[in-house]
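Here is the structure we will look at.
Here is how names work: the chains are called A, B, and so on, in the same order as the sequence lines, proteins then strands, and each is numbered from 1.
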2 protein chains.
Amino acid sequence: MATSTPADTDLATEVWRLITDLLMERKEQFPALAAGLGLNPGALHALMSLDESEARSMSALAGDWKCDASNVTWLVDRLEEGGYARRRMHPTDRRVRTVVLTPKGAKARSQVEAKLHEPPESIRRLDREDLETLRQVLSKLHA
Amino acid sequence: MATSTPADTDLATEVWRLITDLLMERKEQFPALAAGLGLNPGALHALMSLDESEARSMSALAGDWKCDASNVTWLVDRLEEGGYARRRMHPTDRRVRTVVLTPKGAKARSQVEAKLHEPPESIRRLDREDLETLRQVLSKLHA
DNA sequence: TATTGTTATACTCTATAACTATA
DNA sequence: TATAGTTATAGAGTATAACAATA
């Protein structure tokens, strides 16, 4: 119907973000997005919590991901196979392996984040006044 | 802060329902609710799509649940073990088995639905005016 | 001969336990 | 002796293929 101005699109994005933040998780398109990267949902979830600059040890990742250390080995193997992450040596403790995203992994992560924040058609169709109203009221939920 | 009147609680329920309907799925408390019934998430999802009165064939359920027929056998076995559903003969075609919820299964289903529609604390804290506003704007998303 | 549902079997993802190498 | 990570192994949940009963 009505076309969106850039300002409306930004608003729609923000409103959608407020709603999804409220829900904490929007595991929905997630399996499909994972499959698109040749990953299972668990491995994509892992990818989303990694960083290009900050190296995390395997044991720290077991804590982050609330899973067994042996499963961290398996998940990081999947990410390395896909070229999304790589293991590094720890500078001082030779027992420890750290994990960082590759450039490809960082790009995949930001693209998936963009998809997850993309408002659905029904939200984008709202006019500016409605979106402003939603933003105002939903902002109160942050308290 | 402000205490809720019954009217506010109904409004909060409705607003929360509008948001979750928009998202289609809110797999979040779901694994915990399933575990509480001695089921896995897949089996609870199956239970939620069954009815006490309407009998569905195994092959129809494979379509509904988007899974293989052999997995329907497995899931219905789990539901029968828990006393939530039972197989019946088809009145005319002796190859076909149909599945219906038991009274226990119907009760479990409505209790889980109630839990899923329960608004979170942050929504319940909104005052009546904000909830009315949300309801009004979010209703437009149904179009 | 085709279809319904089950059984036999295999694959994915996860965990527990045993192991290797460091510390 | 304790810790980090891996490998060996087992279990849950899913699929594919072979099968028995019925149409």
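Between the E52(B) side chain and the V100(B) main chain, no donor and acceptor come within less than 3.5 Å of each other. No side-chain donor-acceptor contact under 3.5 Å links R94(A) to the backbone of H90(A).
The separation between R56(A) atom CZ and dG5(D) atom C1' is 16 Å, rounded to whole Å. For N71(A) and dG11(D), the CG to C1' distance is 13 Å, given to the nearest whole Å. Atom C1' of nucleotide dT4(C) and atom CE of M89(B) are separated by 12 Å, given to the nearest angstrom. Straight-line distance from the NE2 atom of H90(B) to the C1' atom of dA21(D): 16 Å, rounded to whole Å. Distance, L61(B) CG to dT3(C) P: 19 Å, rounded to whole Å. Distance, R97(A) CZ to dT22(C) P: 9 Å, rounded to whole Å. dA17(D) atom P lies 10 Å from atom CG of D68(B), rounded to whole Å. Rounded to whole Å, the distance from CG on D77(B) to C1' on dT7(C) is 11 Å.
Backbone-only contact: T92(B) has heavy atoms under 4.0 Å from sugar-phosphate atoms and none from a base.
Taking side-chain N and O atoms only, T73(A) has a distance below 4.0 Å to OP1 or OP2 of dT6(D). Contact annotation: R95(A) does not reach the phosphate of dA21(C) (side-chain N/O to OP1 or OP2, under 4.0 Å). For dT6(D), the OP1/OP2 oxygens have a side-chain nitrogen or oxygen of R87(A) closer than 4.0 Å.
Listed nucleotides dT22(C), dG13(D), dG5(C) differ in distance to N40(B); the shortest reach to its side chain belongs to dG13(D). Set against dT14(D), dG5(C), dA17(C), the side chain of W74(B) has dT14(D) as its closest nucleotide.
Here T73(B) contributes atom OG1 and M58(B) contributes atom CE; the two are 4.0 Å apart, rounded to the nearest 0.5 Å.
Looking at which nucleotide of DNA chain C each of C67(A) and D93(A) is closest to, the 5′-most match is held by C67(A).
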### Task
Would you check, one step at a time, whether the test side-chain contact (heavy atoms from CB on, under 4.5 Å) holds for H45(B) with N40(B)?
CA-CA 9 Å; H45(B) 193 252; N40(B) 64 21; over 6 Å; no
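Looking at R109(A) and Y84(A), their side chains never come closer than 4.5 Å, going by heavy atoms from C-beta outward.
If you check distances only, the side chain of S70(A) does reach the base of dT16(C) with a donor-acceptor pair under 3.5 Å.
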